[in-house]
Amino acid sequence: MLEPYVRPGIDDRPDLDKALSPEDKAAVARLAIKDRRRPPEASADQPEAQTVRLAAAGSSAAAAAAASVDTPAPDMSSAYLDMRDPMVAADGQRPTTGQVSRLNWGFFAASILVGAPWIALNTIAMPNAVARLFGYDTAALQVTINPATGRPLPVATDLAMPLAVLVIVGVVASMFAMPLISALSDRTRTPLGRRTPWMVAGGVLCALLTLLLGQNIGIVVLCIFWALMQFAYAMLSAPLASAISERVPDKFRPRIERWHGIGVMLGQALGVCMGAFGVMFDSFTPFTYTAVLFAVSGILSVLILPKEPSSTEQPRQLFNSDQVLDQLRPPAHAPAFARVFTARTCMMTGVGLTGVFLWYLVRFWVYGKAVVFTSAPLTLPAGFLIAGMAAATLVGAALASWAAGPISESIEEKNIPTTRVVAGACLLYAIGLGLAWGLGVWSTGTARENGMLLFALISGFAFGIYDSLGLELVMDSLPDPRRAGHDLGIYALANSAGLALAAIIGALLVNAFEHSFGYYLLFPSAIVMVLLAGIVTLAAESAQ
């Protein structure tokens, strides 16, 4: 009987499962290459993501992103540092020409949709809600004149402290919300991707909480809902910043980040106008259309952007609370970074002293003198003035973004230290504060309105220059390029620290004096803090 043909090396190979002993199998397993998929980089460690968050912190900070100053963050994972293709994004996708265009306009639209309602809440809607809780209906038609002072009642100096408490609660909640949501978003494994579900859910949750914040509730309940609002907004904004870092290839990132910065500037101005015009009709009106805009912001952003790739194949990562707390630990043995952080805190304190109480400043200080009243509520001129200030700030920030590049090149050619230009920007901001304060104290008629408009224009330009050129000082002060993302996140906390200090100092000053005299003191105290920021910046030059 013929035997079947045995192919050499194929049919005569032994069955290794039967031929090898358990000890042999263990030895082979030790030599085998284990193909373990590495988890993607955490968003807290992405320098580009932290840079985007800095740009979204304010219109002037966005001017730095929109400027042509070349101050990239030291990103050790950049494709330009190795042989990877810069046309491929960090998530492994190679977007087509049409998808790059959608990424550009998608993040531009998202910055407006997300930023505008948030600014409307912080600038106008929430301060007005606090005033309504304490019996000050700023949209009231009837105005009573105090015969002793000749000014309209109420002056509402007792509103500063509850507003300060609300601001501090929001700052503390936001400090924990951003790192927590970032860590949870990094670990999301869905067919829709890591960021998309959070953005959609965050927009809807922001809308629901906004409607609750607009109700007549006590200050304690208002603070609780405002703290929850910080987590909901983090669900919307933190994944958006991470998506820019992950989905945009290095080749197109400067252009898309620039358009994102322009969108933030427009969103900031639009948000202030939305709040100012909305409160003219009713104190609840700003909450209504702000909630609508929040609800559609996440959905529209996801629809405009290309579809995010699935994250189901991403390795599972256990949640560790230390990863959240680590984002709040400052770098050790970094004196240069500490000086830059201190200067930023002082600057944001000076900015916040007028920014936190802007609605009360305009409503109860600019229009706090006896004027010829009509049947129209005082919110009409106050709303128009704040809208004009928003437009003036936008013009100043746009001029700063245009001028920052030539200024940077000029000081580099003339070998002028950047610290002196940044300190000069602080001085210019103080001059704008001085104009608003001087015209308000010593002049009558429309001088206060003109002073506030001049202040908005000058401060928008000065703060834009401060951020655009000051970013160079920040990048130079980073102690370890390998931890640039973490350290930039710590630097962003200076915004929160400055805002909290501004709320505390402003509330103490306003409550210390009767009538509207406390509001006068916001301007000189802001001047002191801004000049202190310039002095600390110059001290950094001498320390070098």
Side-chain angles (χ1 to χ4, degrees), residues 43 46-82 84-115 195 199 237 239-269 300-309 394 397-409 464-465 467-469 471-472 474-475 484-485 488:
S43 59
Q46 298 172 359
E48 294 294 340
Q50 302 302 329
T51 303
V52 172
R53 291 176 186 172
L54 280 173
S59 59
S60 297
S68 57
V69 180
D70 187 18
T71 53
D75 187 3
M76 304 304 293
S77 62
S78 174
Y80 291 114
L81 299 181
D82 50 34
R84 287 179 295 127
D85 189 352
M87 304 286 284
V88 177
D91 60 1
Q93 301 292 311
R94 180 190 290 271
T96 63
T97 303
Q99 289 174 335
V100 170
S101 179
R102 289 181 63 183
L103 287 171
N104 188 33
W105 297 112
F107 287 121
F108 170 75
S111 61
I112 297 176
L113 293 172
V114 173
R195 314 302 179 186
M199 292 174 61
S237 59
L240 178 64
S242 301
I244 296 179
S245 176
E246 296 167 352
R247 303 187 61 185
V248 179
D250 290 346
K251 179 70 173 180
F252 309 106
R253 188 170 293 165
R255 184 185 73 183
I256 292 180
E257 286 185 353
R258 184 173 296 113
W259 276 102
H260 174 265
I262 295 174
V264 170
M265 288 194 297
L266 294 175
Q268 298 271 338
L300 286 180
S301 299
V302 168
L303 292 178
I304 298 174
L305 293 169
K307 185 180 183 300
E308 185 181 3
L394 177 62
L399 290 174
S401 65
W402 171 78
I407 292 176
S408 178
E409 295 175 0
I465 296 296
D467 266 337
S468 300
L469 300 182
L471 198 58
E472 299 180 11
V474 177
M475 298 308 174
L488 284 174

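Proximity of a side-chain donor or acceptor of Ser401 to a complementary backbone N or O of Ala398 within less than 3.5 Å is detected. Not one N or O on the side chain of Arg255 forms a donor-acceptor pair closer than 3.5 Å with the backbone of Asn104. For the pair Ser468 (side chain) and Gly464 (backbone), a donor-acceptor distance under 3.5 Å is present. For the pair Arg247 (side chain) and Ser242 (backbone), a donor-acceptor distance under 3.5 Å is absent.
Residues Leu394 and Met265 are in side-chain contact: their nearest non-hydrogen atoms beyond the backbone lie under 4.5 Å apart. In this structure, Lys251 and Val100 have side chains that are not in contact, with every pair of non-hydrogen atoms separated by 4.5 Å or more. Counting heavy atoms from C-beta on, the side chains of Gln93 and Pro306 never come closer than 4.5 Å.
Every residue meeting the side chain to side chain contact (heavy atoms under 4.5 Å, CB included) condition with Ile112, not counting sequence neighbours, appears here in chain and number order: Phe108, Leu266, Leu270. Ala403 pairs by the side chain to side chain contact (heavy atoms under 4.5 Å, CB included) definition with Ile407, Phe461, not counting sequence neighbours. Every residue was checked against the side chain to side chain contact (heavy atoms under 4.5 Å, CB included) condition with Glu409, not counting sequence neighbours, and none meets it. Every residue meeting the side-chain hydrogen bond (donor to acceptor under 3.5 Å, both in side chains) condition with Glu308, not counting sequence neighbours, appears here in chain and number order: Thr196. In this view, Arg195 and Asp186, Glu246 satisfy the salt bridge (Lys or Arg N to Asp or Glu O under 4.0 Å) rule, not counting sequence neighbours. With sequence neighbours excluded, the residues satisfying side chain to side chain contact (heavy atoms under 4.5 Å, CB included) with Pro249 are Ala89, Pro95, Phe252.
Closest non-hydrogen pair, Leu469 versus Ala404, comes out as CD2-O, 4.0 Å. Scanning both residues, Val248 and Arg253, for their nearest heavy atoms gives O-NH2, 2.9 Å. Here the shortest heavy-atom pairing between Leu113 and Ser301 reads CD1-OG, 4.2 Å. Closest of all the heavy-atom pairs between Arg102 and Leu303 is NH2-O, 3.2 Å.
Once rounded to the nearest 0.5 Å, the distance linking OG of Ser111 with CD of Glu257 reads 12.0 Å. Atoms CG and CG, on Leu305 and Leu300 in that order, are 10.5 Å from each other to the nearest 0.5 Å. Ile244 contributes atom CD1, which lies 5.0 Å from atom CZ of Phe107 (distance to the nearest 0.5 angstrom).
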